[in-house]
Amino acid sequence: MSGSETRTGEGPPLVDPPQLGTNLVGTIRSLLIAGMMACVVVSLVGVVQRVAPYWPGQYLALLAFVVCLEGIATERLLKGYSLGSGTRLQVRVVEWVLILVVLRLVLSLLGGWASLAGDVSRWLADPGAIFDAAYLTTALILLIVWQTSISLANDLLLLETSAYVEPAPPTTSDRFWIWITRPKDRADTQAAMRHLSSVFSGGGVLLLIFTGLAHLDLQLLVRLEHPSTSGIVLTALVYFILGLALLSQAQFSSLHYQWQFDGIEVSPRIAPRWAVLGIASVAAVALVALLLPTGYSVGLLQALYVALIGIFDVVVRFLMGILSAILLVLTYILQFFFGSDVAPQAPSIPSPPPRLPEPAPTTAEGVAWLDLLRTAFFWVLLVWIVGYSFYQYFRQRSDLWSKLKGVGLLTWFVGLWRAFFQGSRQVVAKAREGLRAAIKWIGPRIAPSLLRKRFLSLRSLTKRELVRYFYLSTVRRAGEVGWRRKLSQTPYEYQEALAEEAPASEVDVAVLTQAFVEARYDVREFSPEETHVVKQAWQRVRTLLRRARRDRDKSGSSDQSERPPRFP
Amino acid sequence: MTENLLLLILTVFGLAVLLRVEFFFYILYLLFGVYFLAQVWTRRSMRQITHTRAFTRRVFLGEKIEVELEITNSGLLPVPWLKVNETLPIELTSPSFYRRVVSLAPHEHLVLRYELDGRRRGCYRLGPLRLSTGDIFGIGDLEVREPDSQADNLTVYPEIVPLRKLGLPSHTPFGTLPSKERIFEDPTRITGVRDYYSGDSLRRIDWKTSASVGRLQVKQYEPAISLETAVYLNLNKDEYLGGSWRQATELAIVVAASLATHLVEERQAVGLCTNGVDPLNGEDDALALLVRKGRPHLMSVLDVLARVQAGETDPFVGLLRQQSIDLPWVSTAVAITPAESEELFPSLIQMQRRGFNVVLILVAPTASFRSTRARARQLGIQAYRITRREEMDVWQ
C-alpha cells in the first residue's frame, strides 16, 4: 500500500489511508462484495414482486451495488483515522441520511422528470408522503445490504494490514532484534475469516430460498406436490463464484498478514499465482459439475425399492435354475433304474415365487433403463456427498459427536454408512486390480510399443539430463530411420557414420555429440545459453529425421531389427 | 471456516431436495467440489514435495558456509504456498532460523540460499526443516511436515595457528625435519655436492655431476629427524580451576589442533588422545586416534577436536598411563593440561623412562609456571605455558 509512515507512540504505526483508486486489490474486493450483495437483492426482488408486482424493484440491484461500494469506500477512508465510536456513528448517520435523500429522488426520477416534480410538490404539501411503502421497503433492504457490506469490508481491512504492520527490518541489522522482541498486537484473523464465511454462507442460503420461493407455487410447495424446476439460476451461480473468489482473497490476506507479522520473506510470485489458481480451480470444478446429473426421475425411496426388487428377482431366478437342474438329473436317474414305457418327460420347473408388485411407472411409457441408471448414479453421488460432509463435520466437531453417539438410530446409520464406504472401497480396489491385470494381459497382445512409451516431462530434467535426452532422442530417431548406432560405436564414431548418411545435419550432430560427451563424462553444469544452442540443433536434426522417416515409410523400406538405445 | 462450508453444503442439499430446483444441485456440486478439491490438493501437494540440502560439511574457523536448500515439486499439482522453516544453530547465525514462503509450479524446483558464519568450532546440526502448506480457500487442513531424519551435520574446525618451528626432540633416525645432529643423515634429502675425499663411500658419488665437472663429486645429505608425536589433551573440567575453564579448554584445543596440523604438514605422524566428551557418541570413554601420517588422518584429528567438549571425565594422569601403552618406541608425547598436579610429573617421568620424549604445555593462566619449568628442566622435559594465542609464537 502507498503512503508515508507516521508513528503514534508505542502502538503500531498508522499509514495514510489507502485511496480506493490506487489500490487495485482493494477495488476488486469491493466489487466482489458489492456483486454478491446485488445477487441476493435480485433474488429478493423476485420474491417481493410475486407478492407486489407493481413494486419498482428492477433498479434495486443496481442501487444496492452502488450503495455497497459507497459503504466500503467510506469504511476504508475512515479506517485510516483514529475516530471514536461516537464520531464514527455521527459520520455514518449523516452518510445514511444522504443516501436516503438520494434514494428518494432516484425512485421518483424513475417515472421521469414530471413524476419527480409532482412528487416534490406533494412532499412539500404533505411531508409524510415521502415515506411510502415502496420507499420504506427499498430503504430497509438497502440499509441491510449496506451494513452487511461494511461489516465484510471491516473483515477484509483487518486482514489487509500490510499498511498497519511495520515491515521487519533486515535480519542482519540491530533493529531486527528490537522489532522481534517488541510486544505486538496480533489481529484475530481467524475471527475475521469465520465471520466472512458465515456471511457468505448465510447470504447464499437466503439467496437460494428467495430464488426457490420466486419460482415455485407456494401452495404446491406446502403440499410437496411441486414439480422440479430446471434452468440456470444466474444470480446463484454468480453469487457463489464471487463468494468463493472473495474467500480465496481473504485467505491470502490472512496468511500474508501472519507472514508479515512474523517477519517472513514472501515470494512475489505468490500473489499472481494465487489469483490464477483460484480462478482455475473454480472453473475446473464448475466444468466437472456440468457433467454430473442434476435431475432425477425416480425419488430416492422409490429408487431403493426398484433396486431391491431387481436384486430379489435375479437371486430368485438363479436359485430356481439350480433347483431345476438338480431335479432334472434326479428324474433321469430314477427312470434309468426303474424304467418306464412312457418317454421320460422333463420335470416341470416349479414356478418361481410370486414377485412383489412393481412400482407404478412415472410416465405413461414406463421408466427407461438409462434414466433409471442416471437416477441411481445421481442418488449414489448425493448420498456420498452428504455422508462425507457429515463425516467431515463431525470430525471437526468431536464434542458434538460425543453427545450424539447415544442416539441409537444415528449409531445404526453410521454403522451402515461405514459398511457402505468400506464395501465401496473394496469394490474399487478390486476393480483397480482387475483393470491392471487386464491391461497387463491385453497390452502386450495389442499395443506393445504404446505401453512401453511413457510420458517424460522435459521441464523436470536438469540441464545435463536435457542435453543427454536430446542426443539419445536423436539416436533413437535415427535408428527408426534405419541409421542405427552399433553398440560398439563411440559417440564420435557414430557422429561420423551419421554425417555420411545425412550430410545436411553434420554440424548439428557434431554439436549434439560434443554436448552429450560433456554431459555424460564431465561434472560441469550447463548454462541456459548452452542448453538452448543444443536444443536448437536437436530440433533441426529432429525435423530432418522425421522427413527421412516419412520418405522411408513411403518407399516401404525398413530396417528395425534392433531397438535404438532408450533414454535412461 | 470449514464447518461453515460443510453446513452450507448440507443446507443446499436440503433446499435442493425440498424445492426441487435442479440448478441447486449444480451449486451443491460446485461447493462440494471446491471443498473436496481443497482437501485432496493439500494432502497430495505435501506428498510430492522433496528437498535436499547442499553445503560444505567441514569448514575452518572464520569461513562462510553457503547452504543451498533445493525444494522440488515432483508432481502435477501446483503448490500455491509453501512455508519453509529451517532451524539453524545460534552459534553460527542469528536469528537461529531461516524462513521463507514460496510458491511452486508443477515440476518446479527452487533453490534457496542462506549463509552461515563459521565463527565457533563445533559440530552443528542444520535443520530439521519444517514445511507447511494449505489450499487457497482456507478449507483444507494445513499440512505440516517435520522430517526428523533429515538433519545434516556441519563441522567447524578449531582455529589453527601456523607454527614454523616446534623444536620438539626426537631420537628416531630418519624423518623429514631438519636436525642439527649429523648422525642422522637422510639419504632422500640431498642438499648439494662436494669434491670426493678419500674415505667417502662410493655409493655417495654423484656420477652425473662428476661427469659434467670432470672430477669425482659426492652427494651431501641433510640430517633429519622423524617425529612420531602423540598429543594428550586434558579436557577434564575438574582440573581446570576457576571460572575461565571454557577459555582455557578452547585454547588447549587450539594448541592441539595447531600442533597436529604443523606436524602433518611436515610429513610427520601424529596421534591424539583426549578425555573430553564427544557429543556425537555421548560416551565417557577416552577418545584416541592412533599415530598416523597424512592429511586424511589430520582431518580425522580435526574432526575430533571440532566436536570434543570439556566435561567431568577421567583424570588426565589415567589417560597418560593408559593410552601411552600403544605408542611406538621413542615417540614424542605432548601433554596439554591446565596446570601441574601431584600426580602429573610422576606420570611424565614414567613415560620418559619408557623411552618417550615428553613435552609439557600448560594452558591455565593461574599456573605457577616458573617452578614447574625449572622442575621439568631438571627432569629433561620441555615445558611451555600458553595462556593466550599470542604466546604460541614461541614456536613461530
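Labels below follow one simple rule: chain letters A, B, ... track the order of the sequence lines, proteins then strands, and each chain is numbered from 1.
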A/S389 and its side chain to side chain contact (heavy atoms under 4.5 Å, CB included) partner, picked from B/L8, B/L31, B/I9: B/I9
Of A/L381, A/I270, A/L247, A/V266, the largest count of non-hydrogen pairs under 4.5 angstrom with chain B goes to A/I270
Side chain, backbone, both or neither: which part of B/Y26 has a heavy atom under 4.5 Å from chain A? both
Select, from A/S198, A/G204, A/P268, A/G278, the one with the greatest count of heavy-atom pairs under 4.5 Å involving chain B. A/S198
Non-hydrogen side-chain atoms of B/F24 and A/T211 separated by less than 4.5 Å: yes
Which answer fits B/F13, side chain, backbone, both or neither, if we ask what part of it has an atom under 4.5 Å from a heavy atom of chain A? side chain
Distance, nearest 0.5 Å, that separates CZ of A/F240 from CG of B/L28: 10.0 Å
Could you tabulate the donor-acceptor pairs under 3.5 Å formed by side-chain atoms of residues 282-290 of chain A, not counting sequence neighbours?
none

Heavy-atom contact with chain A under 4.5 Å, split by part of B/I136: both
For A/L196, is it the side chain, the backbone, both or neither that has a heavy atom under 4.5 Å from a heavy atom of chain B? neither
At what distance, to the nearest 0.5 angstrom, does CD1 of A/I264 lie from NZ of B/K83? 4.0 Å
When heavy-atom pairs shorter than 4.5 Å are enumerated against chain B, which of A/G263, A/S248, A/S254 gives the highest number? A/S248
Short side-chain to backbone donor-acceptor contact, A/R273 and B/P78, under 3.5 Å: no
Let me confirm one number: the CH2-CH2 distance from A/W259 to B/W81, rounded to the nearest 0.5 Å. 5.5 Å
Can you tell which of A/S201, A/S281, A/S267 has the highest number of heavy-atom pairs within less than 4.5 Å of chain B? A/S201
Between A/I241, A/L237, A/L244, which shows the greatest number of heavy-atom pairs under 4.5 Å with chain B? A/L237
Which bit of B/L110 is near chain A, if near means a heavy-atom gap under 4.5 Å: side chain, backbone, both or neither? side chain
So among B/T11, B/L19, B/L15, which one has a side chain to side chain contact (heavy atoms under 4.5 Å, CB included) with A/L208? B/L15
Portion of B/S94 that has a non-hydrogen atom of chain A nearer than 4.5 angstrom: both
When rounded to the nearest 0.5 angstrom, what distance separates CG in B/D135 from CG in A/L277? 11.0 Å
Side chain, backbone, both or neither: which part of B/F36 has a non-hydrogen atom closer than 4.5 Å to chain A? side chain
Heavy-atom pair count under 4.5 Å with chain B, highest-scoring of A/V276, A/I385, A/T462: A/I385
May I have the step-by-step check of side-chain contact (heavy atoms from CB on, under 4.5 Å) for A/L382 and B/Y29, ending in yes or no? CA-CA 9 Å; A/L382 277 189; B/Y29 294 147; 4.2 Å; yes
Looking only at B/V12, B/L7, B/T93, B/L5, the option with the highest number of non-hydrogen pairs under 4.5 Å against chain A is B/L7
